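The model shown is predicted, which means the values in this text are computed figures rather than measured ones.
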Amino acid sequence: MKIIIADSLPDSAAALLREQGWTVDARAGRPAPELLDDIADADGLIVRSATKVTKALISAAPQLRIIARAGTGVDNVDLGAAEENGILVVNAPGANSISVAEHTCALLLALSRHIATADNQMKRGLWEKKSLRGAELRGKTLGILGLGRIGCEVARRATAFEMTVVAYDPFISTQLAGDLAVELLSLDELRTRSDYVTLHIPSTAATVQLIDRAWLTQCKPGVRIVNTARGDLIDEVALLEGLTSNQVAGAALDVFQVEPPMNEELIGHPNVVATPHIAASTKEAQELVGVETATCVRDFLKSGMVRNAVNFPTVSPEESKQLQPYMVLAERLGSLLGQLTDDRVEGVGVRYYGELSEKKHDMLVGAVLVGLFKQVLSSTVTLVNARSTADQRGVEVVESQSSRSRDFTSLISVKLYTNAGERWAEGAVFAPNEPRLVLLDGVPIESTLQGTLIIVKNSDQPGVIGEVGTVLGKHDVNIATFALGRGPSGAVGVVNVESNDESGQLKDQVIEELQEIPAVSDTRTVRF
């Protein structure tokens with residue numbers, strides 16, 4: 001076996017592979033043409049973030065069986081090209097969780113006790129005690145956005161400081177939070193109760209600049225913000241305004257919208273502690289990431305054991321082809337329900353009818369979870385890790401089959417069990433391989449599951465369709481299709497529309513005006 005390590009890793013990672021008697025070519029920073037030559041007869045490739053694993057590089061490696069990314073993300077790996085060539089891609093999620101959590105706590109303390117300012121003054125020969133009066137963490141409330149691996153570690157350490165810990169994470173069960181002595185809150189509740197807010201969520205369409213002017217204005221006066229997650233979660237202009245007005249007492253930032261940061265006024269603010277994206281940069285974290293990555297490569301090449309995979313199929317190519325239309329349907333049903341609920345998800349039920357009910361389909365369950373989780377997590381949730389992501393977050397997953405006759409050859413039913421009740425959607429595949437919604441919250445309806453949908457729940461009375469059409473026409477929103485369903489609980493309309501904004505998004509005013517229609521009880525936008 002020949003393994004290429006193209007970026008810097010600890011010596012222990014290479015040693016673990018050499019113990020197998022394999023050839024390990026560990027040289028960081030080699031020119032791209034040289035790497036193309038070296039990889040021609042390689043069985044495995046290990047990279048960090050510097051090396052870009054492109055389609056051309058993959059095509060130059062006919063023997064390559066595994067690509068390992070020593071870190072969490074795989075943004076620098078062409079996953080499509082890897083899949084086309086049958087190459088397993090793995091990463092090392094969570095190996096740096098402790099380091100990031102400890103750095104977060106260090107920033108909490110630095111903010112509370114003016115550590116950076118005091119150090120700077122001492123180095124300038126000053127002895128200014130009165131201006132450096134700090135605050136204890138004990139008795140304060142810490143709000144954690146995102147209770148994943150890092151968020152949980154922060155919660156454990158904050159509890160040791162005798163802080164009250166609250167969190168927002170719609171995909172964490174009440175039981176898991178209770179085990180951590182963490183109270184789960186809505187975003188609004190967390191804002192108004194937290195003395196400190198620390199961010200541990202991914203960057204998604206829903207979270208970019210989540211911390212904006214409106215968000216900060218509604219926070220508890222004198223809130224302190226810590227960010228060791230992603231720089232684009234915070235509107236840096238709004239944060240500076242909050243610091244200037246004293247609505248925000250302080251901010252500790254390890255990540256920035258642009259790195260190195262360009263906002264000198266923010267970085268230089270006396271109530272800001274800034275570090276250069278080093279939360280995961282500890283000797284221990286780098287060692288653990290390297291060893292974990294090398295172990296994944298060793299286990300796969302030696303015995304076929306797959307760990308931390310991001311693109312591994314679990315069925316034969318033949319069955320995968322047959323399931324593909326239902327994979328699309330399952331993911332879109334999960335995505336639909338994920339976009340329709342603001343409540344905490346505690347369980348997911350997936351049931352099959354018709355031909356699909358003849359056996360279990362882990363890939364379909366995984367597809368539902370991928371569609372559901374990617375609304376609040378990230379694109380790194382895949383078919384391979386979707387189940388483990390649900391387990392980590394205490395979300396129970398139940399798969400079942402029913403022999404009851406339905407009107408479709410095969411049908412998938414998905415239920416979300418939340419702290420506020422159930423959401424329910426069913427779908428089928430129409431020819432030619434078109435996923436369709438056939439039931440929503442008990443109301444039969446036939447609608448497309450693609451593009452931008454406006455979903456309107458209303459009382460079943462005359463004139464509602466006309467009022468909806470009038471609002472959309474007023475704002476130059478083109479209607480592609482309009483599906484209507486009626487049931488005992490009322491009516492549901494699903495409108496497939498073309499946006500009226502250059503960004504491809506519907507203007508907020510459209511949804512606001514639809515919600516003002518007297519008969520309408522709820523209006524949501526869903527995008528695929």
Q) Do L364 and Y352 come close enough that some side-chain heavy atom pair is under 4.5 Å? A) yes

(Q) Quick check on K52: does its NZ atom have over 12 non-hydrogen neighbours (other residues, nucleotides or ligands) under 6.0 Å away? (A) yes

**Q.** Pairwise distance CZ(R30) to OG1(T51) - rounded to 0.5 angstrom
**A.** 8.0 Å

Q. Out of curiosity, L329 CG to Q324 CD, how far, rounded to the nearest 0.5 Å?
A. 11.5 Å

Q | Test side-chain hydrogen bond (donor to acceptor under 3.5 Å, both in side chains) applied to E136 - qualifying residues, sequence neighbours left out | A | R138

Q: Check whether any side-chain heavy atom of I144 sits under 4.5 Å from a side-chain heavy atom of V166, and report yes or no.
A: no

Q. If you draw a 6.0 Å radius around CD in Q218, do more than 12 non-hydrogen atoms from other residues or ligands fall strictly inside?
A. yes

Q: Using modelled atom types only, decide if a donor and an acceptor are shared between the side chain of R69 and the backbone of V74 within a distance under 3.5 Å.
A: no

Q: Report the residue from N311, L64, L79, L45 that forms a side-chain contact (heavy atoms from CB on, under 4.5 Å) with I87.
A: L64

Q) Do any N or O atoms from the side chain of S173 and from the backbone of L176 form a donor-acceptor pair under 3.5 angstrom? A) yes

(Q) Looking at N308 and V90, would you say the former's side chain and the latter's main chain have a donor-acceptor pair under 3.5 Å? (A) no

Q | Trace of the salt bridge (charged side-chain N to carboxylate O under 4.0 Å, His left out) decision for R387 with D362 | A | CA-CA 9 Å; R387 283 268 197 174; D362 287 342; 3.8 Å; yes

Q: Output all residues satisfying salt bridge (Lys or Arg N to Asp or Glu O under 4.0 Å) with D119, sequence neighbours left out; order by chain, then residue number.
A: K123

Q) Side chains of T282 and Q286: does their closest heavy-atom pair fall under 4.5 Å? A) no

Q. Does a donor on one side chain sit under 3.5 Å from an acceptor on the other, for T418 and R344?
A. no

Q) Regarding Q339 and S335, is there a side-chain donor-to-acceptor distance under 3.5 Å anywhere? A) yes

Q.
If we ignore hydrogens and angles and just use 3.5 Å, is the side chain of T293 paired with the main-chain N or O of V289 as donor and acceptor?
A. yes

Q) Under a 4.0 Å N-O cut-off, is there an ion pair linking R65 with D43? A) no

(Q) Restricting to side-chain hydrogen bond (donor to acceptor under 3.5 Å, both in side chains), what partner residues turn up for D195, sequence neighbours left out? (A) K220

Q) For the residue pair D232 and S203, what are the closest heavy atoms and their distance? A) OD2-OG, 2.8 Å

Q. Is any side-chain heavy atom of L88 less than 4.5 Å from a side-chain heavy atom of I67?
A. no

Q: Look at the side chain of N96 and the backbone N and O of S99, then say whether any donor-acceptor pair between them is shorter than 3.5 Å.
A: no

Q: Could you tell me whether the side chain of Q247 and the main chain of C219 form a donor-acceptor pair under 3.5 Å?
A: yes

Q. Do the side-chain N and O atoms of Y168 and E189 include a donor-acceptor pair separated by under 3.5 angstrom?
A. no

Q.
My understanding is that only residues two or more places apart in sequence, or in another chain, count here; which of them pass salt bridge (Lys or Arg N to Asp or Glu O under 4.0 Å) with R27?
A. D25, E34, D38

Q | Any donor-acceptor N or O pair under 3.5 Å, side chains T228, T104 | A | yes

**Q.** Heavy atoms from other residues, nucleotides or ligands near CZ of R18 exceed 12 (cutoff 6.0 Å)
**A.** yes

Q | Qualifying salt bridge (Lys or Arg N to Asp or Glu O under 4.0 Å) pairs with a residue from residues 280-303, counting only residues at least two apart or across chains | A | D299-R307

(Q) Listing request: all side-chain hydrogen bond (donor to acceptor under 3.5 Å, both in side chains) pairs with a residue in residues 325-334, at least two apart in sequence or in separate chains. (A) E331-K374

**Q.** side-chain hydrogen bond (donor to acceptor under 3.5 Å, both in side chains) partners of E241, counting only residues at least two apart
**A.** R213

Q) Distance only, no hydrogens: is a donor on one side chain within 3.5 Å (strictly under) of an acceptor on the other, for E346 and T174? A) yes

Q: To the nearest 0.5 Å, tell me how far T23 OG1 sits from I3 CD1.
A: 9.0 Å

Q) Do the non-hydrogen side-chain atoms of L449 and F528 ever get within less than 4.5 Å of each other? A) yes

**Q.** Sequence-distant partners of A252, side chain to side chain contact (heavy atoms under 4.5 Å, CB included), two or more places apart
**A.** L107, L111, V226, V273

(Q) Under the side-chain hydrogen bond (donor to acceptor under 3.5 Å, both in side chains) definition, can you give me all pairs with a residue in residues 53-64, not counting sequence neighbours? (A) none

Q | Donor-acceptor under 3.5 Å (D7 side chain, G29 main chain) | A | no

Q) Under 6.0 Å from the CG atom of D11, do we count more than 12 heavy atoms belonging to anything else shown? A) no

Q. Within the side chain of T207, is there an N or O that forms a donor-acceptor pair under 3.5 Å with the backbone of L210?
A. no

Q.
Taking the side chain as everything from C-beta on, heavy atoms only, tell me whether W215 gets closer than 4.5 Å to L187.
A. yes

Q.
When you compare the side chains of S112 and Y196, does any donor N or O come within less than 3.5 Å of an acceptor on the partner?
A. yes

Q.
We want to know whether S49 and N76 form a side-chain donor-acceptor pair, criterion being a heavy-atom distance below 3.5 angstrom.
A. no

Q: Name all pairs fulfilling the side-chain hydrogen bond (donor to acceptor under 3.5 Å, both in side chains) condition that reach into residues 255-274, sequence neighbours left out, sorted by first residue then second.
A: E259-H277

Q) Salt-bridged, R157 to E153, with N to O below 4.0 Å? A) yes

Q. Any sub-3.5 Å donor-acceptor pair from R351's side-chain atoms to E399's backbone N or O?
A. no

Q: Quick one: list whatever passes ring pair (Phe, Tyr, Trp, His ring centres under 6.0 Å) with H103, sequence neighbours left out.
A: none

Q) When you look at CZ of R48, are more than 12 heavy atoms from neighbouring residues, nucleotides or ligands closer to it than 6.0 Å? A) yes

Q | Euclidean distance, L137 CG relative to C105 SG, rounded to 0.5 Å | A | 8.5 Å

Q.
H361: which residues meet the side-chain hydrogen bond (donor to acceptor under 3.5 Å, both in side chains) condition with it, sequence neighbours left out?
A. none

Q) Closest heavy-atom contact between A425 and L336? A) CB-CD2, 4.0 Å

